[in-house]
Every structure is written in structure tokens, then in C-alpha cells.
Amino acid sequence: MQKLSLTTDCKSVTHIPTPMIPDVSIIVPCYNVAAYVDSCLESLVRQTLRNIEIICINDGSTDETWTHLLRWKEKDSRIILLNQRNAGVSAARNAGLDAARGLYVGFADPDDYMDPEMYSRLFSAALEYDADIVECGNHVFEDSSDRLIETKRRSPSRHFEENASPASFFRDSIWGKMDICVWSKLFRKSMLDAHRLRFNVHLKSGAEDETFRLMAVPHASRLLFIPDCLYYYRLMRNGSLSRRCNVPTYSKCVQEFQRLLYIVDYWQKQGWQNEGLFAYGVRKIRPFFVSKHPLFHQMTAVQQRSALDWWSLFYQKAEGKRFLSALSGRDRQLADLLNSAEPVPNGWGRILLAACSLLPGQKGRYYSCKKMLAEHFSQVCPNGFQKENASLEEPFDTSPPSL
């Protein structure tokens with residue numbers, strides 16, 4: 001950068017101009033995406049919003065990803081490269097957030113691409129409404145053919161909420177419209193920094209985005225949605241995190257409970273605890289117990305015991321006893337069932353329970369879960385009382401990350 005010499009009456013002062021603050025910082029975590037990253041970066045450098053910085057973090061790639069990034073850096077000075085040992089997408093995004101200088105921050109996945117006007121429209125809308133977070137719609141395309149899947153296209157209706165509050169969580173429409181992914185949004189950078197918001201590096205099962213959303217959005221009182229479909233999401237490429245995370249496993253069940261406890265802990269420290277968060281948690285763990293092919297049925301007795309212990313801890317921490325009445329329908333039935341399961345009854349009770357588990361739809365799934373729980377308690381605790389002080393798997397740190 002060229003230094004400018006300014007002469008005053010008394011002395012000569014050397015002045016170094018401050019670099020222009022970018023309108024938007026776009027953070028791109030990269031791990032073994034050499035086959036995809038070129039199309040992503042091409043869509044970013046061609047953005048009609050020119051005052052941007054593109055922060056690419058090479059997260060210990062073992063393919064040619066870093067070579068591709070270096071080539072793009074030579075083409076466009078707005079690209080900033082960071083190189084680190086493999087630490088996961090959350091750590092990579094946090095490194096990008098630490099380096100970001102923009103007024104707003106966006107996130108892009110390196111195997112996707114963006115409409116040339118995406119960040120121009122988002123940024124203009126954010127300025128017009130002075131929004132803390134602004135979100136657009138997105139397209140979804142097939143990895144193998146690039147064909148758009150119209151049934152998966154998401155286009156939220158234009159909506160602005162200037163007084164959003166965590167007190168309305170899970171009830172107000174603004175929450176229902178908010179997509180869990182971070183790549184469809186711009187976040188006000190000063191808001192993220194003021195509340196020391198970063199991604200949880202311990203989450204490895206694809207829940208990073210939703211956890212970050214539930215930490216960031218309650219701090220944002222001014223939320224904006226625009227219907228423009230500006231982001232192109234690649235559906236299920238081979239080796240992608242989303243593909244691996246769609247397979248339910250016991251470890252994923254444990255991770256979900258840990259994630260919920262982390263969020264509950266954060267909300268409690270902010271004074272936001274309410275029935276909406278408890279209802280959200282019950283809704284998130286429900287598929288593990290009540291679904292077409294519930295994971296609980298496939299667990300060993302030890303794993304089932306652990307899953308129920310995690311439920312008990314979540315129920316306690318999220319003040320489930322206080323907020324139980326807020327649940328509706330099958331969610332309330334599931335909570336009651338998990339709290340008071342008993343061994344398999346004898347005689348006609350056993351036959352009736354087995355028959356009801358074969359009913360179609362949600363009712364059959366509920367009774368199937370009840371049957372499995374009853375069988376579990378018949379094996380591990382014949383008198384119907386749960387064992388006390390059952391050990392949980394070591395949870396990760398539930399304190400919020402810091403800058």
C-alpha cells in the first residue's frame with residue numbers, strides 16, 4: 001500500500017490509508033473439494049456486489065483443493081486464503097469469522113454456487129431494513145446431472161420482523177420461516193462479535209448450522225426474508241457431510257441430546273428459557289423413538305438405557321415438568337411415555353399392546369415405541385423403576401465458544 005506524506009505547519013506526518021471495509025465477507029470452508037470449488041469461486045468473483053472479500057479456509061485437504069485456491073487467489077485479490085490442519089467445518093468457519101472485516105457476513109459451501117446478484121440483493125435489503133439477519137430462498141440441484149429439483153426449491157414470502165423475541169420461539173411465524181442453514185443468510189458482523197457468537201467445534205454430525213442459528217437469531221430483533229431464490233445447493237454429493245449424516249445412528253442420537261443441552265445451557269444464561277425451546281427439543285428427538293423405523297428399536301439394551309438417561313437430563317435441564325403442558329398431541333404422549341415407562345404387562349395387556357403396535361400411522365408408531373420401552377424395562381428393571389445414577393457418555397463442553 002502506497003504511503004501518503006502530509007505536510008503540516010509544524011511537521012511532516014506519514015498517513016497510511018485504512019483499507020476499505022468490505023460490504024460483505026463471504027466465508028468458504030474447504031475440505032477435499034477440488035472437483036467443485038472452481039464453480040463455487042467463479043460464482044463468487046462474478047458477484048455484482050464488488051466490495052466483498054472471499055475468505056477461503058483450507059481445512060487440511062488431502063486432494064488438490066489448496067492448489068485450486070492458490071490459482072484463484074492469483075486471479076482476484078479479494079480472495080483471502082487461510083490454511084489449517086483438519087479441524088472440521090465449524091473450526092474453519094470460526095477462523096473465517098475471526099478474519100472477516102465486512103459489515104455483514106455470509107457463508108457458502110464450496111460444492112454449491114450462487115446467483116451473480118445474490119449478495120447484492122441481500123446486502124441492499126439488509127441496508128434498506130437495517131436488518132440484523134436477512135435470508136433468501138434457494139434452488140436445489142442434483143449432483144450427478146445438475147438438474148434443478150423444483151419440488152425442493154425454497155422461496156420464503158417477503159416478511160420483515162422488527163421486534164423478534166425469543167419469547168415467541170416456536171410460536172411466532174418468523175421462527176417457522178427461518179431455514180436452519182447459514183448459507184442462505186447474511187448476518188450483521190457487529191452483532192456476532194458483540195455476543196461472541198461462534199460455531200461449536202465439538203459438533204460433527206451436521207448440526208452446526210442449526211445450533212448456530214439458535215444462538216444467533218434470538219440476539220437479532222430485526223429479521224428479514226426475501227423470496228428471491230439466489231443460492232444453488234448441491235444435493236447429496238458423494239462424500240458430503242449431509243449424505244453421511246442422513247443415516248441415523250446411536251452416536252447421532254447422543255450428539256443430538258448433547259446439542260440440545262448445549263442450546264438449553266446457552267439460552268438459560270441469556271435468560272430466554274421458555275416452553276418453546278422444550279417443545280423444540282422434544283420434536284427433535286422424537287424421530288429416534290417414534291418413526292417408521294425408529295432407531296431406539298435397533299439399539300442394544302445398554303444404548304437404550306443411555307438414550308433414556310439423556311432424555312431424563314434434557315427433561316430436567318429444559319424444565320420439562322414446568323413446560324409439559326405446552327406440548328401438543330403425540331409430543332406430549334411421547335414425553336409422558338419416556339417419563340413413566342413400565343415393564344411389559346401380562347396376559348391381555350401384552351396382547352393388546354402388541355396389536356396396537358401394528359396399527360397404521362402415528363398411533364401404531366406410538367404403541368410400537370411403548371412396546372419397545374416396556375420390553376426394555378422388563379429386561380433391565382423388572383420392577384418398573386428406572387436405575388438411578390446411570391452413567392452418561394462424556395458430554396462435550398456446554399459453555400458457549402468465545403472469540
Side-chain angles (χ1 to χ4, degrees), residues 21-27 89-91 93-107 119 122-123 125-136 156 159-203 207-226 259-281 284 317-319 397-403:
I21 296 177
D23 294 330
V24 173
S25 299
I26 305 163
I27 296 171
V89 64
S90 292
R93 285 173 172 168
N94 287 344
L97 282 170
D98 291 341
R101 300 179 298 115
L103 297 176
Y104 284 84
V105 176
F107 300 90
Y119 292 104
L122 284 174
F123 184 65
L127 291 183
E128 180 182 355
Y129 288 88
D130 191 26
D132 297 313
I133 300 175
V134 56
E135 176 180 309
C136 67
H159 182 80
F160 175 61
E161 177 64 57
E162 61 181 344
N163 291 304
S165 167
S168 61
F169 179 65
F170 224 66
R171 294 178 300 178
D172 191 274
S173 61
I174 197 72
W175 294 93
K177 291 181 180 180
M178 181 69 71
D179 187 52
I180 67 172
C181 299
V182 296
W183 39 251
S184 58
K185 303 172 179 62
L186 283 185
F187 298 84
R188 193 194 300 270
K189 179 62 160 54
S190 60
M191 177 196 72
L192 299 181
D193 290 345
H195 300 290
R196 307 174 66 83
L197 294 173
R198 292 296 186 267
F199 290 84
N200 188 319
V201 298
H202 299 284
L203 291 174
E208 306 91 347
D209 286 26
E210 187 167 9
T211 303
F212 185 80
R213 175 181 73 100
L214 288 178
M215 293 171 61
V217 174
H219 286 296
S221 62
R222 302 176 68 83
L223 303 177
L224 174 65
F225 298 84
I226 62 174
R259 187 183 72 86
L260 290 172
L261 289 169
Y262 176 81
I263 296 169
V264 167
D265 182 70
Y266 184 81
W267 276 50
Q268 286 179 337
K269 290 178 179 178
Q270 305 300 321
W272 296 338
Q273 188 78 338
N274 59 41
E275 68 275 10
L277 188 62
F278 174 64
Y280 163 83
K284 296 301 292 185
K317 295 286 188 180
E319 300 185 45
D397 183 11
T398 59
S399 59
S402 59
L403 295 177

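Pairing each heavy atom of A164 with each of L223, the nearest pair is CB-CD1, 3.8 Å. Pairing each heavy atom of N200 with each of S90, the nearest pair is O-OG, 3.2 Å. Smallest separation of non-hydrogen atoms from R213 and D179: CD-O, 3.3 Å. Across all non-hydrogen atoms, the minimal contact from A220 to M191 is CB-SD, 3.7 Å. Looking at every heavy atom in both residues, N274 comes nearest to A167 through ND2-CA, 3.7 Å. The two residues A131 and L224 come nearest to each other via the heavy atoms CB-CB, 4.0 Å.
Interatomic distance, S184 OG to F107 CZ, rounded to the nearest 0.5 Å: 11.5 Å. Note that the OG atom of S25 and the CZ atom of F187 stand 13.5 Å from one another [nearest 0.5 Å]. Here the straight-line distance linking atom NZ of K189 with atom CG of D132 works out to 14.5 Å at 0.5 Å rounding. Taken from CZ in F225 to CD in E161, the straight-line distance is 9.5 Å, to the nearest 0.5 Å. Taking NZ of K317 as the reference point, atom OH of Y262 lies at 15.0 Å (rounded to 0.5 Å). Between atom CD1 of residue I180 and atom OG1 of residue T211 there is a gap of 9.5 Å, rounded to the nearest 0.5 Å.
Using a 30° and 60° split on the angle between ring planes, H219 and H195 fall in the parallel class, below 30°. Ring pair F160/Y129 is tilted by interplanar angle, where 30° to 60° counts as tilted.
One N or O on the side chain of K185 and one on the backbone of C181 form a donor-acceptor pair closer than 3.5 Å.
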Open item on the list: Checking R259 against L214 for the side-chain contact (heavy atoms from CB on, under 4.5 Å) test, could you report, in this order, the C-alpha distance in whole Å, the side-chain angles of both residues, the deciding distance, and whether it holds?
Closed with: CA-CA 11 Å; R259 187 183 72 86; L214 288 178; 4.3 Å; yes

TODO: Start with the C-alpha gap between R198 and D98, add the side-chain angles, then the distance that decides, and say whether side-chain contact (heavy atoms from CB on, under 4.5 Å) holds.
DONE: CA-CA 9 Å; R198 292 296 186 267; D98 291 341; 3.2 Å; yes

TODO: Evaluate side-chain contact (heavy atoms from CB on, under 4.5 Å) for R188 paired with D130, printing each intermediate quantity in order.
DONE: CA-CA 9 Å; R188 193 194 300 270; D130 191 26; 3.0 Å; yes

TODO: Take R93 and E208 through the salt bridge (Lys or Arg N to Asp or Glu O under 4.0 Å) test and state the conclusion after the steps.
DONE: CA-CA 10 Å; R93 285 173 172 168; E208 306 91 347; 5.3 Å; no

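For R222, the salt bridge (charged side-chain N to carboxylate O under 4.0 Å, His left out) partners are E162, not counting sequence neighbours.
At a threshold of 4.5 Å between non-hydrogen side-chain atoms, the residues L260 and Y280 count as touching. Taking 4.5 Å as the limit, every side-chain heavy atom of Y104 sits out of range of all side-chain heavy atoms of L122. Taking 4.5 Å as the limit, some side-chain heavy atom of Y119 sits within range of a side-chain heavy atom of L186.
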